[in-house]
Amino acid sequence: MTRTPAWRRYLTFWRSPIPQDVDDELRFHVNMRVREYMARGMSEPEARRAVAERLGDVASAKSECVQLGHARARNARNAALLDALAGDLRYAIRGLRARPGFSASIVLTLGLGVGANATMFGIIDRLLFRTPAFLIAPERTGRLYVSRLTNGTDVADSHMGYKRFANLRTATHSFDVMAPFFAFKLPVGTGESTRQMDVGMTTADLWAMFFAKPAIGRFFDASADTPPNGEKVVVLSYAFWQTQFGGRNDVLGSPIDIGPDRYTVIGVAPAGFDAFARTPLVGIIPVAAAASAFAPNRSWHLTYSSQWLQEVFVRRKIGITPAAADADLTVALARSWESQRAEGRGLLRLPPLTIARPHAFAGPVLADRGPNESSEAKVATWLGGVALIVLLIACANVANLLLARAFTRRREIAVRLALGISRSRLLAQLMIESIVLAVVGTTAGIVLAQWAGMAVGAQLLTNVRLASALTDSRMLGYCALVAICTGLLTGLAPAMYARRTDITTALKTGGRDGTMRRSRVQLGLLFLQAALSVVLLVGAGLFLRSLANVKSLRLGYDADRLIWVHVDNRGVPLDSAQEVALRTTLLERVKTLPGVTAAARGLSIPFFQAHYTYLHVDGLDSLSKLGRFSLQVGTPELFQTMGTRIVRGRGFTSDDRNGSPRSMVVSVAMAKRIWPTEDPIGKCMHVSADTTPCFTIVGVAEDIHQTTFAEPALHYYVPFDQMEPNYNHGGLFVRTEGATAVQAERVRQELQRSMPGASYVTATPLSIIVGDKARSWKLGASLFTAFGGLALLIAAVGLYSVIAYGVTQRMHEMGVRVAMGARSPDLVRLVVGEGIRVVVPGVCLGVVVALAAGRRIAPLLFNVSPTDPRIVSAVIAVLLVTALVASLVPAARAARADPNDALRD
Amino acid sequence: MSNPKIEVLRGTLDLLILKAVSWAPTHGYAVAQWIERATNDVLRIEEGTLYPALHRLENRGWISAEWGRSENNQRAKFYSLTAKGRAQLRVEAMSWTRYSNAIFAALEAPPKPT
């Protein structure tokens, strides 16, 4: 017989009572039956046997009962927990409603913090994380890039011609699908209602990359995108169908004017489908239909030099590694490259493979994740970090407020502990209180984010469609996560405090404890807040400075007073003479309009379209090594209209006609580049061909910024009348007085009357075109300032409330001090000194961090050093003044301390 | 115990238990005894299955349990009907009566006319 080891006996102590109870219950039954049978005259063994027989399978009955018992116990526990939770929730809500000011300040602080975060999350998610809706296999889908060595650096470009795309498609075998996609602004509609809107272009292969099914009608198939002409059919976007056609089913088959052609609606894409576009589309048309309108010579798909450019998207086959696919692409590209070299002649000829070292690869689908990340995305990433810092500051504040309240509630907590509440229940209660605050704060934050997102979308990131904070599941998920984290984070400090509360001391001293010191946690949080505020404000200063620098930069023209009028023939056939005649008519017409002070024709548009052509100076070998020279062709009033000053010599006059000696004006930068030591006036240059007579330089114009703010363009001007007819298009620059936006619309309406057939004009204030290029600084400046200001405000409130609270607690001590002979200024100095003492180390740390981080954002700034001492010292001053003000208010109260109160207590 | 006994259907056992505990708190042994007597000892239940059935009903909230002392002062678990259980008893009793009436009617029916 084996002996039961001694330790086994102790197991009964821990054994759950459930099996025991089941045993007891059944034993009672057996005993009763046995007694009953024995009473009928059976012997005990007989009775037991009979009872066992009657019971049947006792073991399985027992185990079933035990299982049921456990289930019951579990349910009971859960119900009790739920009950307690509901109780705590009610208690928390009651407590928060009893102090509306306290609760509101916390909700507002958290709301601002969460709102800032949700807004930035929306932007960053859209730019960097959210793959296009309906995309089938995002991890295998990519955007195609061709990269080549240019002046020693590898430059990747995702734009390529149709021929290149066709080469790559036929010569590679690593991809399921390879489809071009490109969104382009085209006039949509007829007559007065014509608007420039984004239209997507692709081949029928695109549909295979998405789960999307047409809402009505069908998508176009491969027969519609066969070069050269394709079919003029369009798949409308759901939103456009709803807004422009009222969601009617009979839209199928109806005509719609897109660009120069009339298209037939064959289907509607599902709601939310924009293919690879970031902005809402009117619809999607076959690439062949669009390209044939742009390059009507029927060979746009056959030559590499075609003007038609597009982006290409691919999906790798399953089992093909990205490296293998890229190698496959690069081999195909090399072959395509060689055949392009065979086609090109003279200057247009590509450099050989060994020099350009071209390679192709499939980059991330999202453009901002790829090699050509926009500055907006970089700035947005920084701002995302900034928003997190704001949230941390807000959390610190809320934690501080809750901590302060935990001090005042010491007595209440001690009483409850004394009455026997378990510490874990107490902790749960405090946690629930902060979670309730976090949830309410987050809700406020979501509402704020919705509003802020709309403002950012309308003012700053007009080229990106942002998700709505109220309805987007990713946004709401993020906010929920933030709510839980902030709830735990802010609840931690007071909970830790409550855990340590010593019942007896707390009960003895009650709410009045003259010797109480602010906890180290509280001071640490204030220190951190000050440091973070400094970092954010320095960032704000740097971006504001950059924006101001961009704005005050002399562009070389008055962007604020100019309107660019674009003329689109839209299929109306005009020969060269008619083109000129039309523009002359428009020019004469626009000059007669009220508010128009000057007008001229021009070919290149700053920050939108620059023209380059062959340029040669006798005696200079290779001009192209000196830089790229951009061409402007204009009528004599161009300089006056643009506001570009002539520095030396003269501008154009009406004498610079066809047949008279050819004249040219160059920019200061260009003159310096080509003739660093000589006088450019009187020099002669050949434009576009060596064989034609050269243009004599008659004047030097001030520098203009044509493609970038960083440096002025190497720019030259020639008169329209003296240039070959194929340059004789372009549009009109109009200089106006008053509000340019209003003037632009008036100009458009007036000029539209002179347009033949379906042709039309658009009028755009130049400030919009230029302003778009300053977007990243605008984004950085406005959001950094908003966040920095927010952080400062929150930190100031935090400092104020902690100091004010400290003063309230120490009024007794202050009274004693007054009784001992301290005067009001002494008390003020005491309190203010304390506030400053907390802030100064924080400011020091903040400056160090800001200087370190500054180096990394330097590339995003404009003409400002990241360690600009003026900005740093201004921020330090702002922080110190804020700390001073925040502590002066409570200091004033301390100064009024009444010694009588102290003595009476 | 020579007369042949009928096996109790599972659903029926629940009904009988609900009825057995419907007057006063009753322990398992008393439930078994009551079923025996009330059915004139015709139904045979394997008493082992009685207890899992009781616990199942308890988990459903139809009966509640409490430990107490039996008539002979032994520790025993007493079951009593809850409000929810009483409603259930009414429903089940009614449907059982309709069911048995229907079977009776069918058995008593005249032969099919030819």
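Naming convention: chains lettered A, B, ... in sequence-line order (proteins, then strands); numbering from 1 in each chain. Fair warning: this is a prediction, and the values are worked out from it, not measured in the lab.
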Out of A/M32, A/R27, A/Q67, A/E53, which one racks up the most heavy-atom pairs below 4.5 Å with chain B?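 Counting heavy-atom pairs under 4.5 Å, the top option is A/M32.
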Parallel, tilted or perpendicular: which fits the ring planes of B/Y29 and B/H27, with parallel below 30° and perpendicular above 60°?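 Parallel: the ring planes of B/Y29 and B/H27 meet at under 30°.
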What part of [X] lies closer than 4.5 angstrom to a heavy atom of chain B: side chain, backbone, both or neither?
{"X": "A/V22", "answer": "side chain"}
{"X": "A/N75", "answer": "neither"}
{"X": "A/R35", "answer": "side chain"}

For the backbone of A/A399 and the side chain of A/T490, can you confirm whether one donor and one acceptor N or O come within less than 3.5 Å of each other?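 Between the backbone of A/A399 and the side chain of A/T490 there is no qualifying donor-acceptor contact (under 3.5 Å).
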Got a donor-acceptor contact below 3.5 angstrom from the A/T442 side chain to the A/G445 backbone?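 Checked: no pair found.
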Could you state the interatomic distance from CG (B/L57) to NZ (B/K84), rounded to the nearest 0.5 Å?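 Going from the CG atom of B/L57 to the NZ atom of B/K84 covers 11.5 Å.
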Salt bridge B/E36-A/R33, side-chain N to carboxylate O under 4.0 Å: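 Answer for the salt bridge query: yes.
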Pick whichever of B/K77, B/Q33, B/Q74, B/E58 has the most heavy-atom pairs under 4.5 Å with chain A.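 Going by pairs under 4.5 Å, I would pick B/E58.
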